[in-house]
2 protein chains.
Amino acid sequence: MTPPAEKRTPLSRERVLRAAVALADDGGIESLSMRRLASELGVVPMALYKHVANKDELLDGVVDVVVGEIDPPGTGAGWKAAVRQRILSARSALQRHSWAAQVIESRSTPTSAVLAYLNSMIGLFREGGLSIDLTHHVMHAMGSRILGFSQELFTAAPAVEPPAPAAMAQLAGTFPYVAELARAAAHTEDSVVGAGCDDQFEFEFALDLLLDGIERLHRSGWMSAQ
Amino acid sequence: MTPPAEKRTPLSRERVLRAAVALADDGGIESLSMRRLASELGVVPMALYKHVANKDELLDGVVDVVVGEIDPPGTGAGWKAAVRQRILSARSALQRHSWAAQVIESRSTPTSAVLAYLNSMIGLFREGGLSIDLTHHVMHAMGSRILGFSQELFTAAPAVEPPAPAAMAQLAGTFPYVAELARAAAHTEDSVVGAGCDDQFEFEFALDLLLDGIERLHRSGWMSAQ
DNA sequence: ACCTGAACACCGTTCAAGT
DNA sequence: ACCTGAACACCGTTCAAGT
């Protein structure tokens, strides 16, 4: 497994970050440890600390790699279409790296790549004519959705075991509304809310609910009561 | 520090969970480890495994404690007011335990206390006359907000250091829209989006944006195109 | 001056040995 | 049969010793 005594291409911050993304893509975020990353690169753990100060900075770095994959904003269409399109692009970048949303959430401070993304998103609203006040509240209201993900309640459990009719019956007894909703969900082959649904549809449903509401407030000249 | 050789009140699942909540309340979620919890209770780590199967089950247990603090739904008013009130009650429970939102997010499967909460929330929509179809999408659209929290982009960093005028000037140069928004935010004494704002106002702003949109869809007899 | 092996202070959990 | 000390297989990071 360990490579023979050949010259290894020298480490660089970029090579470290790319390897970290690849490691998380392959084995999930829990397999991204400093020690495992080092051994993946064929170096001693301490060698990584020449390129990232610590693990937090490593995580900031991989977030920047993912955010860097989001398409730049389109031009032409109105603010609403531009915002919608950009967010859906962010969503597809995030979906290529299933661990990324969780890592973004865990960061306490935005990196400059994230700030640049937010800046251009705020710009879309402002150039679309929304007041600074409305834009401010809107950015809060969109929350993580602006980065292409949302906190679903329980993201479709692996559900290795099928619904188990007996368990389903018990569910119906104890939690009738949950059971009814589970039955109604399109391809309801597993568990609870969030399972067997069309994720893309649900994401766009909520996104449009918010964008339509924002447009209505903007048209009516909404101003904070404060 | 270690208590003298007196009889300790015997462990129980409830005592373990209460101690875990207290530990997290005091020292943050990162201080809730099996080993530290055990020493807090004056027992050997292995003793905990008599009452919880493993750490995941411990975390499920503390979630249930917090969810158990949410008020039952009110009666009388319409579905919209009832949902709004319940969610704000959930929010205040979650705010008493600042680590709770993060732990809830980390769970992959809802506990039965969470299921019971979701069940009653779905019930509010259904009894309010919303179709099962609309209710389903609405539950998705609300996402974690239904449990009283939302994924803000970056929750006001501790910001030990003040804005640092020089950094602010640089920010304005590189990210003008971010800077403008930061300046406009009410008591803008720190960092970026999310800092120095009235959290409660922002939460209710987004909540009402969603509830108003839902009400409009319901009134207009919305049906999924599928 | 540079690099790194060993060590430190932790984890969650297993397991065998002791009572 | 019960309980638990020691051990295992990990962490992120420090630090001193070696080149």
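Labels below follow one simple rule: chain letters A, B, ... track the order of the sequence lines, proteins then strands, and each chain is numbered from 1. Computed from a predicted model, the values in this text were never measured in an experiment.
Pairing of D:dC3, defined by two Watson-Crick or G-U wobble distances under 3.5 Å, is not identified with any nucleotide. With a 3.5 Å ceiling on both atom-pair distances, C:dA9 lacks any Watson-Crick or G-U wobble partner. Remark: C:dA17 base-pairs with no nucleotide; criterion is Watson-Crick or G-U wobble with both hydrogen-bond distances under 3.5 Å.
Between C:dT13 and D:dT13, the two P atoms lie 22 Å apart (nearest whole Å). Distance noted for atom C1' between D:dT14 and C:dG12: 23 Å (whole Å).
Using a 4.0 Å cut-off between charged nitrogen and carboxylate oxygen, A:D25 and A:R96 do not count as a salt-bridge pair. Here A:R36 does not pair with A:E40 in a salt bridge; the nearest charged N to carboxylate O distance is not below 4.0 Å.
Judged by the 6.0 Å and 45° rule, B:R145 forms a cation-pi pair with B:F203.
Proximity of residues 46-61 of chain A to DNA chain C (heavy atom under 4.0 angstrom from any strand atom) is restricted to A:M46, A:K50. For residues 29-37 of chain B, proximity to DNA chain C is found at B:S33, B:M34, B:R35, B:R36, defined as any non-hydrogen atom under 4.0 angstrom from a strand atom.
The closest donor-acceptor contact from the side chain of B:S12 to the backbone of B:R15 lies under 3.5 Å. Counting only distance, with no hydrogens or angles, the side chain of A:R107 and the backbone of A:D56 share a donor-acceptor pair below 3.5 Å. A donor-acceptor pair is defined here as one N or O able to donate and one able to accept, closer than 3.5 Å; such a pair exists between the side chain of B:T174 and the backbone of B:Q170.
Rounding to the nearest 0.5 Å gives a distance of 10.0 Å between CD1 of B:I132 and NE2 of B:H137.
Taking both residues in full, the closest heavy atoms of A:L37 and A:A20 are given as CD1-N, 3.7 Å, listed atom of the first, atom of the second, then distance.
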